[in-house]
Amino acid sequence: MKAVYCPYCGGRAKRNGRISSGSQRWRCTACGASMAVRCDDTATRLDEFLGWLLSKDSQAAMAGGGRSFRRRTAVFWEVWPMPECVDEVHRVVFVDGIYLARDLVVLIARLRRCGRKPWSSAAFGMLSPR
């Protein structure tokens, strides 16, 4: 296990029994503060969520079953990537959209530009009510 350090003074902590829920309690050897450390597994859960999202597997096929998977990854359903603001002026913009949910549409824009490539595509994932 990795060394545990005190969040208050930065000193090294040693094991000091358990709290009522069963988690390990730690005590700082420098300042004497007592704490229970919880490991941050957000990156692991995000990898699991993206692995499912980009695969053909069902939620029930994930480790622990569908309910456990949905509970572990519930926070990631709230994250919506927002497009960057584009402050360029274009003469022609073709826009098409698809409804993904009751109040959600994703718009895809195709821009006409001058130069070697007369047409270039740009996908803008935009949230918009009907």
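Worth knowing before you read on, the calculation uses all heavy atoms, side chains too, and leaves out hydrogens, waters and symmetry mates.
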Check against side chain to side chain contact (heavy atoms under 4.5 Å, CB included), Met35 and Cys28: CA-CA 8 Å; Met35 70 216 91; Cys28 178; 4.3 Å; yes
Interatomic spacing from CG in Asp47 to CG in Asp41 - rounded to 0.5 Å: 11.0 Å
Single-linkage hydrophobic cluster Trp52~Leu54, side-chain heavy atoms < 4.5 angstrom: no
Hydrophobic cluster membership, Val4 vs Tyr8, 4.5 Å side-chain cutoff: no
Nearest non-hydrogen partners of Cys6 and Cys9, listed with the distance: SG-N, 3.5 Å
Steps toward side chain to side chain contact (heavy atoms under 4.5 Å, CB included) verdict (Glu48, Phe69): CA-CA 9 Å; Glu48 181 183 16; Phe69 172 74; 3.6 Å; yes
Ser23 side-chain N/O to Ile19 backbone N/O, donor-acceptor pair under 3.5 Å: no
Test item: Gln24 side-chain N/O and Gly17 main-chain N/O as donor-acceptor pair under 3.5 Å: yes
Approximate separation, where rounding is to 0.5 Å, of Gln59 CD and Arg70 CZ: 5.0 Å
Gap separating the CZ atom of Phe76 from the OG1 atom of Thr42, nearest 0.5 angstrom: 6.0 Å
Under 3.5 Å: donor-acceptor pair, side chain of Arg45, backbone of Thr73: no
Minimal non-hydrogen separation, Ala63 against Arg72, with atom names: O-NH2, 2.8 Å
Smallest separation among heavy atoms of Trp26 and Val37, with atom names: CD1-CG2, 3.8 Å
Arg25 and Arg15: CA distance, side-chain angles, deciding distance, side chain to side chain contact (heavy atoms under 4.5 Å, CB included) verdict: CA-CA 6 Å; Arg25 181 181 298 173; Arg15 293 179 191 209; over 6 Å; no
